[in-house]
Amino acid sequence: MTGPRWVRRVELAVLVLVVLVLVGQVLATSAPFAPSIEVEQSLGLAPGLTVKAVTTISSNFAAHLQLTGLGFPGAAAVPTIDYYFDARYPVENSTMANWYGLPQHLLSVASARHRPISIDRLGASALADLLLQPPRAGSILVLASGVLPAPVYSANRNLLLPWIRAGGVVVWIGAPIGAYTGEPIDPLEPPAQAQPVPGGEGQFLNATDLAPGATLLATPSPIATGLDVDYPYGLSEGLLNTTRVEQQGGQVLGFEEGGATNLARIPLGKGALVDVASPVVDLPRLAPALLNLIETRTVLGPVDLLGTLAVIVAPGSRPTTTQSWPLPTALADSQNATVCAFAVETDYLAPLGAMTCTPIY
Amino acid sequence: MALALDGWAVPQEGSDERRSARSAVAASGWNPRVPGLDRLDRWVTRTPRRRFWITVIAAGLAIRVLLAPWTGGGDLATYAESATSLGLGGGPYTYLLVYPPGFVDLLALAGRVAGGFLGSPVLVGVDPGLLRFYATSSLQWTGSLATPTFALVEKLPLFLLDLGTAGLAYLMVRECADERRARWALVALFWNPLGLFLSAVPGEFDILPVFLVLAAVYLAMHGRGLSSGAALGLGTAIKLFPLFFLPLVLAILWRRGGLRPAARALPVATALVGTSAVLAGLFLPLSTAQSYLASFATGPTVGQNHGGFGLWSWVQLPHLTPIHWWLFWTTAPITAGMEAVAVGLAVAVALVYLRRRPRVGWDPLRTFGAATLTALAPLLTRNVVEPQYLLWVLPWIAITAAVTVHYRWPLVTVTLAGLGFLLFGLGGPLYWLEPMAVFTPYLSWGAFTQNLAAWAPIAALVAPICSVVGAGALAYVGVRAVRGLTWAGGAS
């Protein structure tokens, strides 16, 4: 027999659902769970040119961390970021959404780490203006559309390369750098509207700098492990030759396979090209990977990996580790060097991280 | 006290009216001879109530619970990513979530539970096999998938909603017809392979707004304006399609109790939708929401049926260029036209419902037929690109079919079609069984892809057959619904 009793029960079910959604709304709008990892470190020089790092890590959730010691000449300022985005121009080995979304993800991850960053977005003409100015020290330019816009680059124009050679640092991701230029697109036409530039790749990298392509690489390089650069995707058109990268004084930063890598910093003149030889996909991996490289200023210049340690921190615990990292001779001889300890959460989508640095001279 | 539709007395179990209705059905009807159907009918009809309910619930739940932890993929990974992001203090729209914030709010609870009680807010897993698969396929995916724990936590409430929806169908049919037909509706819904698949495998949450729509209509039939409006408002705050039921729910309330209950429902529904939208817009991190909006403003999938925001998210995007605005204003009239047709259909159904007085005696086809046509309105004007959209109309097909003369036939065909869609789902998008390959030793990644590749041609054959069967059932019920609503077809 049905009747008002069942009507009341249905009403109750609706009420319960309303309450659940509203409670969830309140939680969603008031930081439901505030995960944090805190890293306290003391870094000091020990006898025998060794850095002694005493690290205490606390977390309010089960954190899987990579604790890495880094050293580099100079100071530890985090670079500022210029980001090219202009929806009128085409993409190649990228998508409009990922091109637009990458800085959003970078900001979100940095915000979760309580280390906010600022990103200046540039349209095509602003990018051309930037490249006509001398590069600013400590800033990087991120290009993630896979296509250089016509005001900057075409078969007979290249504003980017001289700017890099003058000291600029570019993070490039998408189609091979220099392979495509683009005019403003017609949105009613098919998406692939970038124009190939014959021989364009050769303007930035020699053929010997390249290696056969692959869509996925198997082995993280030591830097990729230490900094949790968890981005294994590669370009089928071609990867970077690790031997050539090292011969040019560059540094392999990504995954490796068969003498090739998908991510490396390659010196060009006074500046550097940080080439991510991969399509712009999987922003949940790409954004933390890039941010780790940026925060540790690995994109700016050579960084020495002093040591790495995987640490599991139980909720509420405060384990302390003591590590002795031998200081590379070049750093030891430097008159102005910095050592840092970088702790980063390695679970997928867990963007937390912390870094402390100490000048050693 | 049973339901009195539109002021008319409803025959009670054992009353003369009920007997005459039943005998009229038996005398005028023809039910198909399907092997085993009579036996199933006898079981449905003669099994004692308690045993019947226990059997239906136990069998339905057992299959669901067995499947739940080890299946997933698709949208479930997106839900897990959003819950993880919320649990880590980020925004829910960071990844691919495309719907109004109601379900996000529930995910916030899941993020809270996971972060606070499971020890870690990380609700997704990754596997090299997944990465390799997606890196070498044309599918755009992140290579993540929900952990079995999250899959179970996310799906268990959906199972209760499956039961709640089937239970509401049972209530409606029982109150308007008889126990046997009500039992058939219950079985057809709770054991429906498509409904079972959608909740237990990909963990689609469509059953939540579907339950709320049924609740809204049921409560409206009982003259409950406030709660009916609340159900409809909450449903719309989760997916947009329940809004199409607003005219009909108001019409039912008006017919049932005059203007006052209808006047109560409207502000409650509006308040719930408005509160949810305003809070989400004001407080959820806009920066992350923008990447979601961008993916739909700049990608090809501007439709998203009537569940998500679709093309209309454009207007919230910053930095739109004149070309994008031109494209928006060029395509918006087409989209708006389709929306208008769907809205027009829903309003027309409500107006016909309001205008036509019921015939003497019980006339459930009038209400359920109107609800079926309303549920069809959004589906008739857009492509059904995801199987879960069929769930919007499935309960109404079952309920309407259950009160027609040949009630067993459409119920059987809808069930068969649902089974076909299940087979298609298992073989088509490939990734439903990913968690089995990743989290258990029973299925290797190689065997998984190999078996599915072998299965794909069979699934491709099954799908059109099932579509035809399902369309046949739909056509039957649709015709009955139109005739029931307009009483053009004589006695039902």
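In what follows, chains are A, B, ... by sequence order, proteins preceding strands, each numbered from 1. No experiment lies behind these values; they were computed from the predicted model shown.
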Search all heavy atoms of B:A215 against all heavy atoms of A:V10 and return the closest pair with its distance. CB-CG1, 3.8 Å
Is B:L168 close to chain A through its backbone or its side chain, or both, or neither, when contacts mean heavy atoms under 4.5 Å? side chain
For residues 208-227 of chain B, pull every pair meeting salt bridge (Lys or Arg N to Asp or Glu O under 4.0 Å), keeping only residues two or more places apart or in separate chains. A:E11-B:R224
Start with the C-alpha gap between B:L208 and A:L17, add the side-chain angles, then the distance that decides, and say whether side-chain contact (heavy atoms from CB on, under 4.5 Å) holds. CA-CA 9 Å; B:L208 176 53; A:L17 287 171; 3.9 Å; yes
Roughly how far, to the nearest 0.5 Å, is the CG atom of B:L234 from the CG atom of A:L15? 10.5 Å
Examine whether an atom of B:L161 lies under 4.5 Å from a heavy atom of chain A, and if so say whether it belongs to the side chain, the backbone or both; otherwise answer neither. side chain
Return the minimal non-hydrogen interatomic distance between A:V14 and B:S227, and the atom names on each side. CG1-O, 4.1 Å
Only counting residues at least two apart or in another chain, list the ones meeting salt bridge (Lys or Arg N to Asp or Glu O under 4.0 Å) with A:R318. A:E40
